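Worksheet: the structure to be examined is printed underneath.
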Amino acid sequence: MQQKLNLYNTLTRKKEEFEPLHAPFVGMYVCGPTVYGEPHLGHARSAVTFDVLYRYLKYQGYKVRYVRNITDVGHLENDADEGEDKIQKKAKLEHLEPMEVVNHYTNIYHQEMDKLNVLQPDIEPRASGHIIEQVQMIQEILDNGFAYEVNGSVYFDVQAYDKEHKYGKLSGRVIDDLLNNTRTLEGQEEKRSPLDFALWKKASPTHIMRWPSPWSDGFPGWHLECSAMSRKYLGTTFDIHGGGLDLMFPHHECEIAQSQASCNHTDAAKYWIHNNMITVNGQKMGKSLGNFINLSELFSGNHEMLEQAYTPMTIRFFILQAHYRSTLDFSNEALQAARKGYTKLMNGLRVLKKLRFPEEPEAVEPDAKLNEELQKLTQDCFRGLNDDLNTAKTIASLFNLLKKINSLYLGQINIAQLSRGTYDLVRDTYQELVLDVLGLKEERVGDMEEMLDLVLTFYKEAKEQKAYDKVDAIRAELKRHGIVIKDMKTGIDWAYEE
RNA sequence: GGUAACGUGGCCGAGUGGCUAGGCUCAGCUCUGCAAAAGCUGCUACAGCGGUUCGAAUCCGCUCGUUACCUCCA
């Protein structure tokens, strides 16, 4: 195999070689959605990014346990006393049971992820199903002296924690700076310090989602669920923790603190990976700005910012064409370019299916230089992935490989000049990286391929008879369905229109 | 205010101290009944100003500009 996988670790601010704690097993936890609204382009980016990481780790032979949670409780609008649970708020708004809201949006999330060809995680725990674990963890933190109870609510004592361990190591925050710059929010009297965050909140009489605990009938704080669930399924220390860059502080910082405060395990995860945001006109796409585009709107084209509909694979390709740690700017132009690029890659897949290495070796000298060049191109593809999952680089390398594949197909390069080994390497690399690792798939004809081949035989006949009216008619009709005919020296074939 | 990041050709987007990123767009050529597809060629950039260096878009400093986090957010 090529060089090893390197990942940028937010914790150390460096690219590090990936070395699992207990190879061949890999534990990976990624923060999933809070299911109180429709998934948007931002959710897609996070999901696709970690989907590729998951796929690539499996491709390399690791036995991965991928855990991605569903936040269905305890995610407050703010930390104030009357802070309202997002789910509950939405439920009130729509006159539904909170669990109806949760189920509704969870289902949509799953459907959209399927469309994007995002593999399901191995475990998808819900916060509401892990109250016992969370209560237990709070008790541990209390016992260790890093939390305090006030009126039935329990808060994490950041300053007490900071004395023994360092708070802010992930995000690079310094506690004094935080104290000087914290905005004053309403209803924070209970907390000893504005930096403290809720582990358990006592429910107000009108609060629907509530569970019993030693302190009060209430509900857990948002940061706690990830700590409790990752620990339950992956252990106190695991390999990879992922999520959006916007979760780095305070969410992930708090997770690290909770983990340390409860079971004295440093950092919770060895590698902390963060994907960057999607922007619109250079501005972050987010709820608060109201400039987000839902996936369903993207797929239907039903949004004022959209000039047309875009297919799920176009979106996936669009995301993959940028490195996950840079911001990615949304625009119709960029998506249309992505559409064409994606189609080109898919056509390459089809070409490979039809290419055959000659069984009877021809009397042609193998071209050592050509063989070497092709082998280097395949290595480039992996080099990109190994370099902090640089899918943009990998895709560029795949396009380079594709040029050669097309030349082989058109007979511009004689296939007999390749060794069998090189040929297999080229074919396998292209197919496996596109389909298995990048997770792209054909979206259009599917099982209509045989039909199309039949049409092509008619086309060929008409052409031989020089019945150009018929030829043009067939071409026009196929074009209506997004299929173009390729007349090549070596034969006739079809391809997706780009 | 604090802390980070970024500023690449018409657009999107990689990148390493010296060796072609790639995609899209545009123009031309080859092929072709005409096309298309594919291949080839061209348009050749690194915010500005200094510095380090034989050599910097790539390292350092300053300036300008943009963004993110510091409150919920993927």
Side-chain angles (χ1 to χ4, degrees), chain A residues 13 30-34 36-37 39-50 75-80 83 86 168 171-174 176-178 180-183 185 194 222 242-251 274-279 282-289 292 317-318 321-323 325-331 333-342 344-345 347 351 380 384 387 390-400 402-407 409-413 463 466 468 471-472 475 478-479 484-489 492-498:
Chain A
R13 312 263 161 184
V30 173
C31 292
T34 303
Y36 69 107
H40 56 73
L41 198 48
H43 292 104
R45 184 168 202 199
S46 180
V48 167
T49 298
F50 292 106
H75 199 159
L76 296 174
E77 290 272 296
N78 59 55
D79 238 357
K86 285 184 169 182
S171 57
R173 304 290 142 119
V174 178
D176 291 340
D177 294 343
L178 285 170
N180 290 334
N181 292 293
T182 307
R183 298 175 211 180
L185 295 167
W222 172 41
L245 194 62
D246 49 354
L247 297 180
M248 187 166 84
F249 188 91
H251 185 56
H274 291 96
N275 66 278
N276 214 319
M277 305 288 104
I278 302 257
T279 57
Q283 266 201 322
K284 177 179 163 182
M285 180 179 282
K287 293 257 180 210
S288 43
L289 289 162
F292 61 94
F317 187 87
F318 170 67
Q321 228 186 354
H323 184 77
R325 282 195 290 120
S326 7
T327 55
L328 174 58
D329 199 53
F330 162 87
S331 74
E333 240 184 332
L335 281 175
Q336 281 153 13
R339 172 79 212 160
K340 294 197 176 187
Y342 156 73
K344 201 169 189 169
L345 225 43
N347 279 329
V351 164
D380 284 347
D387 183 12
N390 195 331
T391 51
K393 218 165 160 185
T394 299
I395 287 174
S397 303
L398 283 171
F399 276 120
N400 284 329
L402 176 60
K403 274 189 188 176
K404 299 294 177 192
I405 291 169
N406 279 324
S407 294
Y409 190 46
L410 261 67
Q412 290 164 341
I413 299 175
K463 214 166 170 192
K466 296 195 194 269
Y468 292 122
V471 169
D472 290 342
R475 276 211 292 238
L478 283 180
K479 198 168 156 63
V484 292
I485 287 182
K486 313 195 321 187
D487 285 301
M488 303 169 295
K489 273 188 175 165
I492 294 170
D493 195 9
W494 60 271
Y496 303 112
E497 189 180 16
E498 285 172 16

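Model, not experiment: these values are computed from the prediction.
- In this model, no donor atom of one side chain and acceptor atom of the other lie less than 3.5 Å apart for A:Ser326 and A:Asn276.
- At a threshold of 4.0 angstrom between heavy atoms, the contacts of A:Val174 with the nucleic acid are absent.
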*Worked verdict on A:Asp487 versus A:Lys463 for salt bridge (charged side-chain N to carboxylate O under 4.0 Å, His left out)*: CA-CA 10 Å; A:Asp487 285 301; A:Lys463 214 166 170 192; 3.2 Å; yes

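- Rounded to whole Å, the C1' atom of B:G1 lies 38 Å from the corresponding atom of B:G9.
- Counting any heavy atom pair closer than 4.0 Å across all strands shown, A:Asp493 reaches no nucleic acid atom.
- If you take CG of A:Leu335 and C1' of B:C24, they are 12 Å apart, rounded to a whole angstrom.
- Among the protein residues, A:Met488 comes within range of no part of the nucleic acid, since none of its heavy atoms lies under 4.0 Å from any strand.
- Within the 4.0 angstrom heavy-atom criterion, only backbone atoms of the sugar-phosphate kind lie near A:Lys340; the bases stay farther away.
- Taking the C1' atoms as reference points, B:G48 lies 34 Å from B:U41, given to the whole Å.
- When heavy atoms are screened at a 4.0 angstrom cut-off, A:Glu498 is found touching the sugar-phosphate backbone but no base atom.
- Here B:C69 presents its P atom at 11 Å from CG of A:Leu247, a figure rounded to the nearest Å.
- Side-chain contact between A:Tyr409 and A:Met488 is present, with at least one heavy-atom pair separated by less than 4.5 Å.
- Separating the P atom of B:C11 from that of B:G18 is a span of 26 Å, rounded to the nearest Å.
- Scanning atom types as modelled, no donor and acceptor separated by under 3.5 angstrom connect the side chain of A:Asn276 and the base of B:A74.
- Searching all strands for a Watson-Crick or G-U wobble partner of B:G39 with both distances below 3.5 Å returns B:C29.
- Nearest nucleotide to the A:Phe249 side chain, out of B:C70, B:C12, B:C34: B:C70.
- Proximity note for A:Leu178 (side chain, C-beta onward) versus B:C70, B:C11, B:G22: the nearest is B:C70.
- Between the NZ atom of A:Lys403 and the P atom of B:U30 there is a distance of 19 Å, rounded to whole Å.
- Atom name C1', nucleotides B:C64 and B:G50: the rounded distance is 14 Å, in whole Å.
- The partner of B:G7 is B:C64, judged by Watson-Crick or G-U wobble contacts that both fall below 3.5 Å.
- Using a 4.0 Å heavy-atom criterion, one finds that A:Asn400 contacts the sugar-phosphate atoms exclusively.
- Comparing B:G13, B:C11, B:C24 against the side chain of A:Asp329 picks out B:G13 as the nearest.
- Ring pair A:Trp494/A:Tyr496 is perpendicular by interplanar angle, where above 60° counts as perpendicular and below 30° as parallel.
- To the nearest whole angstrom, the two C1' atoms, one in B:C29 and one in B:C46, are 30 Å apart.
- Between B:A68, B:A74, B:A35, one nucleotide has an atom nearer to the side chain of A:Ile278 than all others, and that is B:A74.
- With distances taken from any side-chain atom of A:Asp472 to the nucleotides B:C34, B:A14, B:A38, the minimum falls on B:C34.
- If you take CZ of A:Arg173 and C1' of B:A4, they are 8 Å apart, rounded to a whole angstrom.
- Put simply, the side chain of A:Val351 reaches to within 4.5 Å of the side chain of A:Lys486, judged on heavy atoms.
- Comparing B:C31, B:A14, B:G33 by their closest approach to the side chain of A:Lys489 singles out B:C31.
- Both distances falling under 3.5 Å, in either a Watson-Crick or a G-U wobble arrangement, occur for no nucleotide opposite B:G55.
- Taking the side chain as every heavy atom from C-beta outward, A:Leu478 and A:Val484 never approach each other to under 4.5 Å.
- In this structure, CZ of A:Arg45 is placed 11 Å from C1' of B:G13, rounded to the nearest angstrom.
- When heavy atoms are screened at a 4.0 angstrom cut-off, A:Met248 is found touching no nucleic acid atom at all.
- Contact of the A:Glu498 side chain with the A:Lys344 side chain is registered, since non-hydrogen atoms from C-beta on lie closer than 4.5 Å.
- The listed nucleotides are B:C34, B:A38, B:C70; the one nearest the side chain of A:Arg475 is B:C34.
- B:C24 and B:C59: their C1' atoms are spaced 33 Å apart (whole Å).
- The side chain of A:Asn275 has B:A74 as its nearest neighbour among B:A36, B:A74, B:C24.
- When rounded to the nearest whole Å, the span between CZ of A:Phe318 and P of B:A14 equals 11 Å.
- One C1' atom belongs to B:G13, the other to B:A45, and the distance between them is 13 Å to the nearest Å.
- Comparing atom distances between the A:Asp487 side chain and each of B:A35, B:C69, B:A74 picks out B:A35 as nearest.
- For the OP1/OP2 pair of B:A14 and a distance below 4.0 Å, the side-chain nitrogens and oxygens of A:Ser326 include at least one atom meeting the criterion.
- Annotation: B:C19 and B:G51 have their P atoms spaced 23 Å apart (nearest Å).
- As judged by a 4.0 angstrom heavy-atom cut-off over every strand, A:Pro39 is placed among residues making no nucleic acid contact.
- A:His251 comes within 4.0 angstrom of no nucleic acid atom, judged by non-hydrogen atoms across all strands.
- Counting to the nearest Å, the P atom of B:C6 and the CG atom of A:Leu245 are 12 Å from each other.
- When the side-chain nitrogen and oxygen atoms of A:Lys344 are compared with OP1 and OP2 of B:C24, one or more of them lie within a distance under 4.0 Å.
- Taking atom CD1 of A:Ile492 as the reference point, atom C1' of B:A35 lies 14 Å away to the nearest angstrom.
- Note on A:Lys284 versus A:Asp246: salt bridge recorded, some NZ/NE/NH1/NH2 to OD/OE distance being below 4.0 Å.
- The aromatic rings of A:Phe317 and A:Phe399 sit perpendicular to each other, their planes meeting at more than 60°, with 30° as the lower class boundary.
- Among B:G13, B:G2, B:C69, the nucleotide with an atom closest to any side-chain atom of A:Ala322 is B:G13.
- Projected onto RNA chain B by closest heavy-atom contact, A:Glu333 and A:Gly42 fall at different nucleotides, the more 5' of which corresponds to A:Glu333.
- Under the Watson-Crick and G-U wobble criteria, each requiring two contacts below 3.5 Å, nucleotide B:G1 is paired to B:C70.
- Judged by closest nucleotide on RNA chain B, A:Lys393 is the one of A:Phe317 and A:Lys393 placed further toward the 5' end.
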